[in-house]
Enquirer: 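Let me give you the structure first, and then I'll get to my questions.
This chain uses plain numbering: 1 for the first residue, then up along the sequence.
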Amino acid sequence: MKTIELDDDLYFYIASQTRHIGESASDILRRLLEHPTQAGAPVVAEPVVLAQPVADAMGLQALLDSGALQQEEKSINRFMLVLTTLYRDNPESFTQATEIKGRKRVYFSRDPEALRASGSTTKPKQVPDTPFWVITNTNTSRKQNMVAQLMASMGYDEDLTARVCAAV
């Protein structure tokens, strides 16, 4: 096994592609590159489409600067406000939210029934002004983790992601 250094944005992209708990970075890269696991097999790799950096994070910055998040008493309200802003800033990249899953639960979906089917107490709610639904029966730490994964997959930088997560 070899060790390589990666830029933070590339690391977060690879981490955002995890399909299940315990999946190694090598397994993720093999899947993304369509690299066979058998020795001696021909390598057929297609270009990997990396998450594009967010062109305009002004909506999130404006949200942080406005104090609207701090005015909300409940973390669920702050969480939904952040999700709505992420969608508004980049609806195309937000579709990657449906890839973010827990060990047993689906976190985001366009269909609330898919969320209900993934657990007995998911309490799905529609993200305001979007076609997406999200589970809401999670603690604040899990909500922050969901936001961090989504922002990483959308191409937001670590500093802004940390500030947004801290505000949730």
Side-chain angles (χ1 to χ4, degrees), residues 1-57 59-60 79 82-120 122 124-127 129-138 141-165 168:
M1 179 142 340
K2 304 287 183 203
T3 302
I4 61 172
E5 289 188 33
L6 298 172
D7 292 333
D8 289 340
D9 62 327
L10 185 54
Y11 170 81
F12 285 115
Y13 174 76
I14 293 168
S16 74
Q17 300 302 307
T18 303
R19 288 200 177 153
H20 57 82
I21 300 294
E23 185 177 28
S24 72
S26 293
D27 292 339
I28 296 167
L29 287 171
R30 276 190 189 95
R31 180 171 33 81
L32 292 174
L33 297 171
E34 296 181 9
H35 186 285
T37 56
Q38 305 94 323
V43 176
V44 179
E46 294 186 21
V48 176
V49 178
L50 297 176
Q52 295 298 314
V54 176
D56 182 14
L60 274 179
F79 177 61
V82 165
L83 293 177
T84 298
T85 304
L86 286 170
Y87 179 83
R88 193 175 307 128
D89 280 356
N90 194 336
E92 294 81 26
S93 289
F94 193 93
T95 60
Q96 296 176 59
T98 59
E99 299 298 318
I100 300 171
K101 297 173 174 56
R103 202 169 5 130
K104 297 179 182 176
R105 287 181 165 182
V106 174
Y107 292 151
F108 295 92
S109 178
R110 290 180 184 261
D111 177 16
E113 292 309 314
L115 299 178
R116 286 186 189 97
S118 73
S120 59
T122 56
K125 288 188 180 179
Q126 187 167 17
V127 178
D129 304 321
T130 78
F132 292 92
W133 290 72
V134 63
I135 65 169
T136 60
N137 191 22
T138 59
S141 177
R142 174 63 58 200
K143 288 178 179 76
Q144 291 168 331
N145 183 277
M146 290 164 61
V147 167
Q149 287 183 53
L150 178 56
M151 288 182 71
S153 72
M154 292 176 73
Y156 285 93
D157 68 58
E158 290 179 49
D159 180 55
L160 182 59
T161 299
R163 291 189 353 232
V164 169
C165 289
V168 172

Enquirer: Less than 4.5 Å apart, any side-chain heavy atom of Ser153 and any of Glu99?
Expert: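 Sidechains of Glu99 and Ser153: no contact.
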
Enquirer: Can you name the nearest heavy-atom pair linking Thr161 to Ala148, along with the distance?
Expert: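 Result for this residue pair: CG2-CA, 3.8 Å.
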
Enquirer: Kindly say whether Glu92 contributes a backbone atom to a donor-acceptor pair with the side chain of Thr95 at under 3.5 angstrom?
Expert: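 Pair found, side chain donor or acceptor close to backbone of Glu92.
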
Enquirer: So, does Gln126 use its side chain to make a donor-acceptor pair with the main chain of Thr130 at under 3.5 Å?
Expert: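 A pair under 3.5 Å: yes.
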
Enquirer: Using a 6.0 Å cut-off, check whether atom CZ of Arg142 has over 12 heavy atoms from anything other than its own residue.
Expert: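 It does not: Arg142 CZ has 12 such atoms or fewer within range.
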
Enquirer: Answer whether the closest heavy-atom distance between the side chains of Leu150 and Tyr156 falls below 4.5 Å.
Expert: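 Side chain of Leu150 against side chain of Tyr156, heavy atoms only: no contact under 4.5 Å found.
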
Enquirer: Under 3.5 Å, side chain of Gln149 to main-chain N/O of Ile100, donor-acceptor pair present?
Expert: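 No; zero donor-acceptor contacts below 3.5 Å.
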
Enquirer: Please walk me through it: do Met151 and Leu60 pass side-chain contact (heavy atoms from CB on, under 4.5 Å)?
Expert: CA-CA 11 Å; Met151 288 182 71; Leu60 274 179; 3.6 Å; yes

Enquirer: Any idea which heavy atoms bring Lys143 and Thr136 closest together, and the distance?
Expert: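 Taking Lys143 first and Thr136 second, the nearest heavy atoms are NZ-O, 3.4 Å.
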
Enquirer: Determine whether Arg110 and Phe132 make a side-chain contact, defined as any pair of heavy atoms from C-beta on separated by less than 4.5 Å.
Expert: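 In short, these two side chains touch, coming nearer than 4.5 Å.
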
Enquirer: Taking all non-hydrogen atoms of both residues, which atom of Ile135 and which atom of Phe79 are closest, and how far apart?
Expert: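 Minimum heavy-atom separation between Ile135 and Phe79: O-CE2, 4.1 Å.
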
Enquirer: How many angstroms lie between CE in Met146 and NZ in Lys101, if you round to the nearest 0.5 Å?
Expert: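 That separation rounds to 11.5 Å.
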
Enquirer: Specify whether Phe108 and Phe94 have parallel, tilted or perpendicular ring planes, treating 30° as the upper limit for parallel and 60° as the lower limit for perpendicular.
Expert: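 The rings of Phe108 and Phe94 stand perpendicular, inter-plane angle above 60°.
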
Enquirer: Any carboxylate oxygen within less than 4.0 angstrom of a Lys/Arg side-chain nitrogen, looking at Asp27 and Arg31?
Expert: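 No, Asp27 and Arg31 are not salt-bridged.
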
Enquirer: Would you mind reporting whether Asp129 and Tyr87 have side-chain heavy atoms less than 4.5 Å apart?
Expert: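 Sidechains of Asp129 and Tyr87: no contact.
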
Enquirer: Quick one: closest heavy-atom pair of Val147 and Cys165, and the distance?
Expert: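 That would be CG1-SG, 4.0 Å.
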
Enquirer: Evaluate Tyr107 against Leu115 for side-chain contact (heavy atoms from CB on, under 4.5 Å), listing each step before the verdict.
Expert: CA-CA 7 Å; Tyr107 292 151; Leu115 299 178; 5.9 Å; no

Enquirer: Using a 4.5 Å cut-off on heavy atoms from C-beta on, say whether the side chain of Asn137 contacts that of Arg105.
Expert: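 Counting from C-beta outward, Arg105 and Asn137 do come under 4.5 Å.
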
